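Within every chain, numbering begins at 1; the chains are lettered A, B, ... in the order of the sequence lines, protein sequences first and strands thereafter. These numbers were taken from a predicted model, which means no experiment stands behind them.
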Number of protein chains: 4
Amino acid sequence: MRADARRNRSAITSAALLLARERGEAVSMEDIARAAGVGVGTLYRHFPDRRALLEDIAVDTLRELLDATRAEVGRTPAWAALLRIVDHCVALPLALTKSLITSEPERPELPELEVEINALITKIAAKAQREGDLRADVPPTEVVRVLNVAVCRCGARADDHLTRVVLDGLHTPKN
Amino acid sequence: MRADARRNRSAITSAALLLARERGEAVSMEDIARAAGVGVGTLYRHFPDRRALLEDIAVDTLRELLDATRAEVGRTPAWAALLRIVDHCVALPLALTKSLITSEPERPELPELEVEINALITKIAAKAQREGDLRADVPPTEVVRVLNVAVCRCGARADDHLTRVVLDGLHTPKN
Amino acid sequence: MRADARRNRSAITSAALLLARERGEAVSMEDIARAAGVGVGTLYRHFPDRRALLEDIAVDTLRELLDATRAEVGRTPAWAALLRIVDHCVALPLALTKSLITSEPERPELPELEVEINALITKIAAKAQREGDLRADVPPTEVVRVLNVAVCRCGARADDHLTRVVLDGLHTPKN
Amino acid sequence: MRADARRNRSAITSAALLLARERGEAVSMEDIARAAGVGVGTLYRHFPDRRALLEDIAVDTLRELLDATRAEVGRTPAWAALLRIVDHCVALPLALTKSLITSEPERPELPELEVEINALITKIAAKAQREGDLRADVPPTEVVRVLNVAVCRCGARADDHLTRVVLDGLHTPKN
DNA sequence: AATGAATGAGCGTTCATTCAT
DNA sequence: TATGAATGAACGCTCATTCAT
């Protein structure tokens with residue numbers, strides 16, 4: 001792939017990611033192209049269609065989240081690791097990602113990545129339980145779903161009030 | 001209003017409510033008409049435009065929720081009242097409602113109803129705090145926001161595991 | 001025909017005539033019905049379709065103009081008769097009438113009435129020429145066309161400035 | 001602008017001009033597109049909406065008429081200049097132009113051009129009066145209105161019989 | 001006979017996608 | 001290869017016409 005082609009591809013991806021976060025799934029191809037500083041034709045050279053472009057963003061998103069999550073596996077305390085993961089999610093268009101996964105995506109990586117990420121988080125959650133920071137009555141697999149709820153509304157941060165309250169439902173306060 | 005017109009109007013409202021719950025705000029008038037078993041013209045006889053139809057559904061939704069909420073004011077224990085309200089929300093397209101309120105609706109009832117409902121819930125939450133069932137460190141006004149998070153993903157029920165866990169973040173266990 | 005049916009029919013015709021004069025050919029059936037104080041169904045009981053209603057108005061209009069024109073035949077001076085006919089036209093939706101005649105009307109009376117009216121006016125014009133009030137170099141058949149031009153813009157009156165100027169092209173001033 | 005785009009734009013304008021002359025303001029975008037041999041989308045690439053397209057035609061029309069009128073200012077005899085201007089109007093969709101100007105157009109050029117053209121014609125008319133070819137009892141500003149009447153019915157030509165008769169109302173025959 | 005609710009073809013417009021330049 | 005002009009299916013909406021009440 002030529003240097004300019006690579007530059008274009010990444011300009012498109014960045015623009016789409018930005019706009020998807022701002023305006024949700026309703027972004028138009030024309031707008032993405034303009035924001036990326038290229039013509040629409042260039043979008044279609046890099047991605048066969050709209051869905052492919054969005055799914056590509058979602059894959060990138062999840063890959064990055066997978067990396068961030070992997071980096072937290074094994075760290076102590078595990079509870080702090082979970083909070084850092086939540087913080088990491090803030091910048092990601094996870095609502096778009098969710099919606100794509102739900103509607104039978106073309107790319108198999110999407111559900112696969114989700115599964116992998118969830119498995120890691122489950123593992124970290126189990127560790128947090130062993131360390132006494134996570135309520136023992138919550139199955140670790142359930143923690144993932146709660147995090148989803150906490151994170152998928154826009155702008156969740158582990159240290160804002162709302163998210164704190166939601167997460168505290170999971171937390172075992174050290175007495 | 002004629003009998004058939006009333007039948008059609010309710011068919012339209014039901015169909016729109018169903019589709020709005022399934023596909024979000026992206027429902028087309030054509031699809032609603034087909035699902036209701038009427039022509040598009042009939043939609044426009046009953047509602048001046050698309051937005052009016054959706055806002056009407058939202059108003060109905062919130063009025064029903066207001067009634068349900070009013071019925072719970074003063075009941076004891078207040079915590080149980082909150083759980084019943086959440087259960088009531090399951091069948092309602094609150095995501096649509098939220099999205100309409102955010103985007104400067106024509107109908108002033110929409111924000112008004114939201115405010116009124118939130119005030120009542122805040123009141124019930126304060127009572128739950130006095131009764132020792134709700135964590136004292138959460139401002140009652142904040143409870144509303146947590147319930148929104150718990151409820152606006154599809155299919156929240158007070159007795160499913162996820163919602164339970166989220167709500168338990170707010171609950172003061174009787175020791 | 002029952003008395004109320006006759007009343008309705010004339011209410012419809014009057015309303016349509018009024019609206020056609022105000023808003024041109026773009027009147028909607030709904031608006032005519034509302035202005036006549038009846039339901040649309042009643043329009044369609046009396047007239048098979050929109051075109052039929054408009055053509056009916058046009059026929060009435062031309063019949064009335066024919067009567068008015070007949071009343072002027074033989075009066076002296078013929079030039080004054082022509083001016084009275086022009087004045088009479090002011091209240092008539094002749095632009096609508098013209099446009100219907102042009103576009104292959106269903107009702108044969110329309111072109112027939114036009115021909116008949118034109119013949120009478122031609123006759124009166126010839127008389128005005130013999131009386132020395134109408135320029136001798138204008139074929140009497142041409143006078144009709146000039147009157148059309150003078151009359152078909154809205155609000156022509158024989159005594160307004162513009163029409164005067166136009167008509168004076170036909171007039172032989174008595175020296 | 002690309003060669004094909006320029007070709008298309010002019011095809012659209014021509015087609016619209018033709019159809020507007022035939023069917024008046026009631027032309028549909030679909031029909032214009034078909035007559036121009038392009039898709040509807042192409043119309044909307046060149047003009048933001050229907051009104052913009054029609055007003056654009058009207059502006060072009062009036063600009064051309066302004067040029068033609070300017071070319072006649074100062075020519076002698078002024079009466080012949082007026083006749084040439086009328087002849088020029090034949091090919092223009094002035095009825096459409098009139099109707100757009102009446103209904104609060106977006107483009108300010110429309111009323112401006114009309115005013116400018118009328119001023120020039122008034123000037124030429126005054127000259128024709130000084131030269132003794134135009135009746136002295138008609139205010140020059142009125143001449144414009146008579147020309148409008150003469151010209152706005154389709155196919156006015158200074159040398160057809162009808163227009164001749166109408167204009168002769170303004171003419172002072174050299175004895 | 002009268003009503004007005006229902007119908008659906010058609011219009012103006014948008015936007016994902018294709019293709020000439 | 002990149003561009004953006006062209007395409008046309010689909011949407012929101014209107015209105016002449018039909019039909020249940």
Closest non-hydrogen atom pair, [X] against [Y]:
X     : Y      : result
C:E25 : C:L100 : OE2-CD2, 4.5 Å
D:D31 : D:R23  : OD2-NH2, 2.6 Å
D:S99 : D:S103 : O-OG, 3.1 Å

Report the distance from atom [atom1] of [X] to atom [atom2] of [Y], rounding to the nearest 0.5 Å.
X      : Y      : atom1 : atom2 : value
C:I117 : C:L65  : CD1   : CG    : 4.0 Å
A:K98  : A:L94  : NZ    : CG    : 9.0 Å
D:H46  : D:S10  : NE2   : OG    : 9.5 Å
A:E64  : A:L113 : CD    : CG    : 12.0 Å

Between C:R7 and C:D4, is there a salt bridge with N-O shorter than 4.0 Å?
->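 Result for this pair is no, no salt bridge flagged.
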
Round to a whole Å and report the spacing from [atom1] of [X] to [atom2] of [N].
X     : N      : atom1 : atom2 : result
A:R7  : F:dA2  : CZ    : C1'   : 13 Å
A:R9  : F:dT1  : CZ    : C1'   : 16 Å
B:M29 : F:dG12 : CE    : C1'   : 7 Å
C:R50 : F:dT14 : CZ    : C1'   : 13 Å
A:I12 : F:dA2  : CD1   : P     : 9 Å
D:E30 : F:dT7  : CD    : C1'   : 12 Å
D:N8  : F:dT7  : CG    : C1'   : 11 Å

Please figure out whether B:R51 or C:P48 has its closest DNA chain F nucleotide nearer the 5' end.
-> B:R51

Map A:V40 and D:V40 onto DNA chain F by nearest heavy atom, then report which one ends up closer to the 5' terminus.
->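 First, find each residue's nearest nucleotide; the 5'-ward one identifies A:V40.
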
The single option from C:L96, C:I32, C:L53 passing side chain to side chain contact (heavy atoms under 4.5 Å, CB included) against C:V27 = C:I32

Pick from D:I101, D:L92, D:D67: which one makes a side chain to side chain contact (heavy atoms under 4.5 Å, CB included) with D:L62?
->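 Option passing the side chain to side chain contact (heavy atoms under 4.5 Å, CB included) with D:L62: D:I101.
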
Neighbours of DNA chain E within residues 31-39 of chain C, by heavy-atom distance under 4.0 Å | C:V38, C:G39

Could you tell me whether the side chain of A:T13 and the main chain of A:R9 form a donor-acceptor pair under 3.5 Å?
-> yes

Which residue lies toward the 5' end of DNA chain E, B:R6 or D:G41, if each is placed at its nearest nucleotide?
-> B:R6

Between C:R45 and D:D49, just flag the one whose closest nucleotide in DNA chain E comes earlier from the 5' side.
->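 Nearest nucleotide further toward 5': that of C:R45.
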
Watson-Crick and G-U pairing of DNA chain E, under 3.5 Å, as dot-bracket with | and [ ] = .||||||||||||||||||||

Scan C:S28 against the nucleic acid and name what it touches under 4.0 Å (heavy atoms): base, sugar-phosphate only, or nothing.
->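 Sugar-phosphate: the residue C:S28, judged by heavy atoms under 4.0 Å, touches backbone atoms but no base.
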
Single hit among C:R51, C:R107, C:R50 for salt bridge (charged side-chain N to carboxylate O under 4.0 Å, His left out) with C:D56 | C:R107

Heavy atoms of chain A, cut-off under 4.0 Å: which first and last nucleotide of DNA chain E, 5' to 3', fall inside that, if you could look?
->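 Nucleotide range with atoms under 4.0 Å of chain A: E:dA16 to E:dT18.
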
